[in-house]
Amino acid sequence: SAASSAKGARSESLQALLAKLAPGAAISLGRATFEQVDGATRTPVLKDVECKISLEPDDAIRITGRGDADGGGRLDGDIRVWPKDLRADGKLTLSALPLTLLVPLLPSVPWFEPQNSRIDAALTIRAESPARVALEGRAALHNVGLSSERIAVTPVRGIEISINGRGHWLPLARRLEIDSGGFGLGKAIAVVKGAVELDSDHYAFDIDAVLPQTQCTDAIRSIPKDLLGDMALAEWQGTIGGRFRFQTDSRELEKTVLEVDIKDRCDWLVVPVIADLSRFSGPFTHSVTEPDGKVFEMETGPGTSHWTPIEAMSPYFVQAVLVHEDPQFFSHHGFSLINIRNALVRDLKERRYAVGASTITMQLVKNVFLHREKTLARKIQEVLLTWWTERVMEKKDIIELYFNVIEYGPGIYGIRAAAQHYWNRLPSELSPAEAVFLSLILPNPKRYHSYYEKNALTSGWASNMRSQMRRMGERGAYDPKATEYGLSEIDHFKFSKYGLGAAPRVIPGTTAPLPYMQVGPTDTGTDLD
C-alpha cells in the first residue's frame with residue numbers, strides 16, 4: 001500500500017543517514033514543543049522536549065529524552081536499539097501523557113477525542129542475547145474514547161484499560177512470550193499468560209486467561225455505559241469468574257482450541273424495563289423495523305389469533321429448526337461454545353466475518369429486544385439479555401416465543417402466518433419436507449421467498465433439502481419412515497398459492513421425543529391438530 005511504501009522509504013532514509021555517521025556521532029534536540037494542529041488551532045501536547053540520538057560502536061542507536069505535558073505529565077526515556085537485530089535495551093516511562101502524543105505510533109484504532117485521554121506506562125527492556133529480549137512493564141489508559149459505526153451508534157467514552165506483565169520477545173521468530181501478566185477493563189482484571197506469533201505470512205496465538213471471582217456489578221460495569229445501553233441500569237449481587245483458553249495457528253486452523261469455563265454466582269437484583277419478560281405471558285405488540293425503515297406491527301401472544309402454542313406445532317417443524325439452527329438448544333445455557341469455535345475457524349479461514357454463532361435464545365433476543373444495527377454495543381447487550389432470558393424463562397417458553405415472532409418471508413411473521421402463506425395449512429399439519437424448507441430459509445427468508453413466487457425449487461435448493469433431510473434421519477430426529485416420506489416429497493415439492501385449499505394427507509413415521517412432550521414419540525400420521 002502507499003502507506004507501507006512511505007513507511008519503508010522513511011526507514012531506508014534513516015538507515016542511510018545513520019550509515020553516514022561515525023560511531024559516537026550524535027544528534028541533539030533541545031526545548032522543542034509538540035503541538036496538535038486542528039485547522040487554525042494549535043494545542044501544545046508536549047513541551048520542553050530534550051532528545052539525543054547517538055550512534056554507538058556496536059551499531060546500536062541510543063535514544064535519550066524527556067519532556068513535560070500540561071497537568072504534570074512527563075516522558076523519560078533511555079533506550080538502545082539494534083535495528084538490524086530487532087532488539088533493544090533500556091527503559092521508557094510515561095506519566096499522565098495525552099494519548100494524542102502516541103496515536104501516530106499505536107495501531108489503527110478509531111480514537112475519539114484522544115486529547116482527553118491519558119496514558120501512564122513504564123517499560124524495561126533487557127537484551128539477553130540477539131535472539132532473546134526480556135520485557136517487563138505496565139500501562140494504564142484512562143478515559144479512552146472510541147468512535148465507529150461498527151462499535152456503537154454514538155461515541156464510546158470513559159474506557160479504562162490496564163496492562164502489566166513480564167515476558168520475552170524473540171525477534172527471529174517474531175514471537176512474544178507472556179510469562180505472567182494482567183489485562184484489566186475497569187475493575188475486572190484477568191491474569192494472562194501465553195504466546196503470540198505474528199509474521200507477514202503466519203500468525204499463532206496461545207492465550208490462557210483467568211478472571212478471579214469478581215463482584216458481578218463491578219465486572220459488568222467495567223464495560224462502558226455507551227456499550228451497555230439500557231443494560232447499564234441492571235444490578236447484581238454475588239461474584240463471577242472463569243477461565244478462557246484460545247489456541248490457534250494459521251497453518252492448522254482446524255486444530256483451533258477454544259475453551260471457556262464460567263463460574264457464574266450472580267443474582268439479578270435490578271432489571272431494566274427493556275428486559276421485562278412478563279409482557280410475553282399475554283397479548284403483546286410485536287414491532288419490527290425493516291431495513292428500509294418501514295415498521296411492521298403484529299398483535300400476538302397467548303390468546304391471540306396469531307399465536308400458536310408449541311404443542312400445536314408439528315414436531316417435524318420443531319425438530320427441523322433445532323437440528324439446523326441450534327442442536328444443543330435444550331442442553332446449553334444460551335451460548336454454544338461448539339458453534340462459536342466452528343464459526344471462528346471458518347471466519348479465520350475466509351479472513352472475513354462469514355458466519356455467526358447465534359443460538360435460538362440469542363436470535364430471539366435480537367428479534368424482541370434489539371434494533372437491527374450490527375454493532376459491538378448491540379452484541380454486548382444481546383449477550384446480557386440472553387443471560388437474563390435463560391435465567392428466568394423455561395426452554396419450552398423460549399422456543400415457543402421464538403417460533404411465533406421470527407420472520408419467514410416478506411411481511412410474514414410467526415409460524416401460523418408462515419404455514420398459512422406457503423401451504424394454506426395449520427402449523428400442526430406441516431410435513432417433514434415443509435418443515436425442512438422453513439428451517440433452511442430462516443437465515444434469509446426474504447431472499448428465499450423467490451421459490452414460493454416461482455412455485456418451484458431450483459435443483460440446487462432441492463439438493464440442499466435432501467441433504468438436510470438425510471441429516472435429520474442420521475441424527476435420529478426423524479425416524480426412517482418419516483425421512484423416506486420427506487425425501488419423496490421433495491421430488492414434487494409445491495406450494496399452495498392464492499388461497500387454494502390443501503389436500504388432507506396421512507404422514508407415516510414419527511420424530512424423536514422433544515423435552516416438552518408429556519409422552520413418548522408422537523405419531524403424526526393420524527392427527528396433526
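When reading the values below, keep in mind they use all heavy atoms of this one structure, side chains included, and skip hydrogens, waters and symmetry mates.
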Asker: Sequence neighbours left out, what pairs pass ring-ring contact (aromatic ring centres under 6.0 Å, His included) with at least one residue falling in residues 111-132?
Answerer: none
Asker: Do Thr361 side-chain atoms and Thr386 backbone N/O form a donor-acceptor pair below 3.5 Å?
Answerer: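 Not at all, since once roles are kept as given, no pair shorter than 3.5 Å links the two residues.
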Asker: So does Phe335 get a backbone contact from the side chain of Thr359, meaning a donor-acceptor N/O pair under 3.5 Å?
Answerer: no
Asker: Going by atom types only, do Glu297 and His286 share a side-chain donor-acceptor pair under 3.5 Å?
Answerer: no
Asker: Could you tell me how the ring of Trp388 sits relative to the ring of Trp268: parallel (under 30°), tilted (30 to 60°) or perpendicular (over 60°)?
Answerer: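 Taking Trp268 first and then Trp388, their aromatic rings sit tilted (interplane angle of 30° to 60°).
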Asker: Measuring from Leu227:CG to Thr375:OG1, what's the distance to the nearest 0.5 Å?
Answerer: 8.5 Å
Asker: Are Arg62 and Asp78 side-chain neighbours, meaning at least one heavy-atom pair lies under 4.5 Å?
Answerer: yes
Asker: Using the six-membered ring wherever Trp is involved, compare the ring planes of Phe280 and Phe284 and label them parallel, tilted or perpendicular (cut-offs 30° and 60°).
Answerer: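 Phe280 and Phe284: perpendicular rings.
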Asker: Just by modelled atom types, is the Glu382 backbone N or O under 3.5 Å from a matching donor or acceptor in the Lys366 side chain?
Answerer: no
Asker: If we ignore hydrogens and angles and just use 3.5 Å, is the side chain of Arg352 paired with the main-chain N or O of Lys349 as donor and acceptor?
Answerer: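 Absent.
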Asker: What residues, two or more places apart in sequence or in another chain, satisfy ring pair (Phe, Tyr, Trp, His ring centres under 6.0 Å) together with His449?
Answerer: His421, Tyr422, Tyr452
Asker: With distance as the sole test, does Thr33 use its side chain to make a donor-acceptor pair with the main-chain N or O of Lys47 at under 3.5 Å?
Answerer: no
Asker: Quick one, Thr124 and Arg126 - any side-chain contact, counting heavy atoms below 4.5 Å?
Answerer: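 SC-SC contact between Thr124 and Arg126 ruled out.
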Asker: Can you name the nearest heavy-atom pair linking Pro445 to Tyr408, along with the distance?
Answerer: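 The answer is CB-C, 3.3 Å.
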Asker: Ignoring hydrogens, what is the shortest heavy-atom contact between Ser117 and Val144? Give both atom names and the distance.
Answerer: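 Minimum heavy-atom separation between Ser117 and Val144: OG-CA, 3.4 Å.
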Asker: What are the two closest heavy atoms between Val133 and Ala88, and how far apart are they?
Answerer: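 Heavy atoms of Val133 and Ala88 come nearest at CG1-O, 3.7 Å.
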Asker: According to side-chain contact (heavy atoms from CB on, under 4.5 Å), who are the partners of Pro212, at least two apart in sequence or on a separate chain?
Answerer: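 Partners of Pro212 under the side-chain contact (heavy atoms from CB on, under 4.5 Å) test: none.
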Asker: If we ignore hydrogens and angles and just use 3.5 Å, is the side chain of Glu136 paired with the main-chain N or O of Gly167 as donor and acceptor?
Answerer: no
Asker: Judged by modelled atom types alone, do His332 and Asp326 share a side-chain donor-acceptor pair under 3.5 Å?
Answerer: yes
